[in-house]
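Below you'll find the structure, written out as structure tokens, and then a few comments.
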Amino acid sequence: MMKSKADEEDYWNSSKFKAFTFDDEDDEFSTLKESKRTVNSIRCLVEEDDDKEEVEKVSWNGEPVSSNSWSVSETAASNQRAEREPAFPKINTVTISKSHSGYSLSSLRSLSGSSVLMMSSCCDQDYVSDWSPEETVHRMQQGKVVSLEKFRSLQDKLLLLDSCVAAHDGNVITAVLIYLKRTLSKEVLFRELEPRQTALSHLIHYLTETRDQRLLLELLRALGRTEDVAVRTTHQQYTVLVLNLPFSPEDSSHVQDHYTLMERQVIIETTDRRAERGEKVERALILNMPLITTLSYCCLYHYSESEGTFSSPLNIRQTFKISEKQFFVTALGARAKLKAWSDVDALFTSRNWLGFTRKKSPLGFQRVVDILQKNSAPTQVLQDYVALVDDAELRITLAQKHKCHDIVINTYRDLKDRQQLLGYRGKVERGSGEERKIDELLNNLQIRWKN
Amino acid sequence: MAAHLSYGRVNLNILREVARKDLREFLDKCAGSKAIVWDEYLTGPFGLIAQYSLLKEHEVEKMFTLKSGRVPPADVKNIIFFVRPRLELMDIIAENVFRSVFVSRFQAPQFLTIFSPSFLLQECYLENDQTSLYHTAKGLINLQALYGTIPQIYGKGECARHVANMMLRMKREFAGSQNQILPVFDTLLLLDRNVDLLTPLATQLTYEGLIDEIYGITNGYVKLPPEKFAQKKQGEASKDLPTEPKKLQLNSAEELYAEIRDKNFNAVGAALSKKAKIISAAFEGRHNAKTVGEIKQFVSQLPHMQAARSSLANHTSIAELIKDITTSEAFFDNLTVEQEFMTGVETDKVNPYIEDCIAQKDPLIKILRLVCMQSVCNNGLKQKVFDYYKREILQTYGYEHILTLNNLEKASLLKPQTSSRNNYPTIRKTLKLWLEDANEQNPNDISYVYSGYAPLSVRLTQVLARPGWRSIEEVLKMLPGPHFEERQQLPAGLHKKRQQGENRTTLVFFLGGVTYAEIAALRFLSQMEDSGMEYIIATTKLLNGTTWIKSLMDRPESQIS
């Protein structure tokens, strides 16, 4: 609903410029440092460049101003401040100053549902209010001017906070939290927010948005939200935190693994870069890569190392408890890429007391063939693995796809499918060994064909 | 220009006109020449309401996008910032302002900042920011100012409850002004997204749904790979293929699109063929035009026929693009697993297809959609399965995704089982969420939009109308959040007398997002012969499984700068 005419007039007349500004004294807004610096530097500029002609200063109502001050709004109170300090554009002191600045949130709602929200403020230092917490919150929701300064005691502040949480208005909650952040010590603030989940979530959100890393980390640490902390920081900070924080049980192993992995990657990187100086080859950097990618790298370049080294795939597998399937797939992919077919073979072979046997792979052989084929494995190599596919139908399809003729022929023979074998004869090269083989089988009277 | 908004019982043009009027009034309030600095995210939505020509009429001389540094020099009286209410943007605006004014030689322009709220409801679930709910409630109050008080309010879910409470409280506060408008809506239904977490995870199978899933529809536009749309002229050597993606507008003003958008994709081919025949026949009509009068009539029809032919060409190309994907093995395998989960097959074990996809390092979002679906259909994964998936994902895609997984857990999408009881099979049976032989060509039930699965949210809506929620009390209790009914007093004399056979109208408001498939399903319900009900859909945003999961992925450092 549109605000009443009178309120609108009030709004338009109070201050024309709306924005956040920052005061020197407040250090909490460390993330807004850059803007602060800009303001301060502009201040200097104003003082120094008095005589420079390029900058023509005018007041908001258009008249040129010769002094350093900017006549900023029509209320006397804010004029006072502006004239004292030659700083543009502290047109409205929304926060922070020691004076009785107040907060007000006014909202103009257009009927289409898109909100027009403006932060404005009134710098009337003589403003006196006597509103209860609920009334204050109510006024804030309606966009009227309030002063939070009167909530001095801790109890008052907490009542105020609880009132605005009950009102479910996010903007009011954030405004009150900013006030509390300024007027309470960190320990008290964190302690009081702990049981107040809604307000706490708002504060975290606010700190995230304003990139107040330091305070956010302190808060999260105080609350024991270790995973959030761990991932949001850089490696160096991580090192410090990881050593000092209590872990939540479920994710502790993952966080620990992450740290271990990063350490490991640094070691491997530095060692490899050093070794590489003789070679020309540029290997892919592994810093900050996922674990499996790191494993793949080690399978490519450090495959034969014993379990004792940092870069040995077996060592990595054991340290990070990688599943058999994952390890298998990664190793297979890496060795196939290098066309190291004997290594590939070795993956499947295992000794038992009878001698060498073929072990069933944790991966279906169809997948194996797929991976090998993607790495341009020669037909002889593919053949070996196609032959190991259990399902006859599947085996035939794969064999046909990869032109493993012998396998097709043998399978049809095993299935005693004469028709199919006959049909396949046309697909092999004339006069080839395969053709002869087919003919032999077809003429074999001992085979009891089913069709 | 927006004639298609006037069809149907609810004239949506009213909303658009009001928005334009407000914008005009606002611009006029700042007398003199203006420059607007835009938040990039808003240019799209604003484009739905007003074109630059409108802005120009109100002395907007220049437009810029919001960036750090200085506002580019502009000799204007006013500089207006249109932004979303995001804290990090305030910094940029402040910087813009500080840096700009001192360098300006001319009269210092007046600065004004306007916020347009973004309804990011995942913020509500993850970070408990209830501001967006407040905006929703306010929006509904405003809506009622235009379309009349809605006498009945139903809802399901925590957010629904909050919004309803806020609405009723706001109504009381404005008690003075009685709304004299004849009510257009009979019922308002508020639904939380988290009442039905399953539907957005499933791959949509309607034409519009698939376009959104594969290419993404933003503000009614889609960007497509240009190769298929390159026009080949006769005799000319083939030019270089265009590299810019082809941008197409998609709305119901286009006749053909209106016909096929809600169809199951497998029925689109037939519809296109039919249309092709009609258009061909129309063009052939030139042979039959003998008299001057007939020829004149034919010629007057040409523009319309040409537009129809161009429309057909576009959609045929789009359908071909989509078909390439839907006929692929990957799509088929994925869909098979989805349907297995939806019908309760082995949701308590690690799924081998998902395992393989992780091993192949398929896109993470695909993996997340599937594991979340398994979790939802199992009411939480067995601890061992949960731990296994989590480990595999972190090891393959990186440990940094631990935050994403935590977010998904908070949103109840991917979580370990807390109780051994899985209510999903009961819900599925009672609400008939799975229909074995869904008819894709001539559907008789909403389950056609997923070729067998009836969206839970839409089924709830359907049951509400007939026979009513009392018949599914038990099932409603199994779904998260409270369900409720409220009534609002209508001023005397405004009670509608229903005519024979006149439909009732329900406004369905999805809090947290809705998919195109659900919209199609609701439209289907409206068109059903004996439904007696028309549905209008409102939502905080349009989404699909991919955009939804993406929004839940934590991006600690990658906010826009």
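- The contact between B/Arg391 and chain A is made by backbone and side chain atoms together, counting heavy-atom distances below 4.5 Å.
- Here CD of A/Gln326 is found 7.5 Å from CD1 of B/Ile358. Values are rounded to the nearest 0.5 Å.
- B/Glu355 places no side-chain N or O within 3.5 Å of a backbone atom of A/Lys325 that could act as its donor or acceptor partner.
- In this structure, A/Thr293 and B/Thr396 approach most closely via the heavy-atom pair OG1-O, 4.5 Å.
- Pairing each heavy atom of A/Pro290 with each of B/Gly398, the nearest pair is CB-N, 3.3 Å.
- Note: B/Met166 CE to A/His168 NE2 = 6.0 Å, rounded to the nearest 0.5 Å.
- Looking only at heavy-atom pairs under 4.5 Å with chain B, the residue among A/Leu291, A/Ile371, A/Ile173 that has the most is A/Leu291.
- For the atom pair CG of B/Asp387 and NE2 of A/His254, the computed distance is 6.5 Å after rounding to the nearest 0.5 Å.
- Note that CG of A/Leu261 is 11.5 Å distant from CG of B/Leu394, once rounded to the nearest 0.5 Å.
- Side-chain contact between A/Ser323 and B/Gln395: absent, with no pair of heavy atoms (C-beta onward) separated by less than 4.5 Å.
- A/Ala167 and B/Arg169 get closest at one heavy-atom pair: O-NH2, 4.0 Å.
- Dense packing is recorded around CD of B/Glu409, with more than 12 heavy atoms of other residues, nucleotides or ligands lying under 6.0 Å away.
- Counting only heavy atoms from C-beta outward, the side chains of A/Arg367 and B/Asp356 approach each other to under 4.5 Å.
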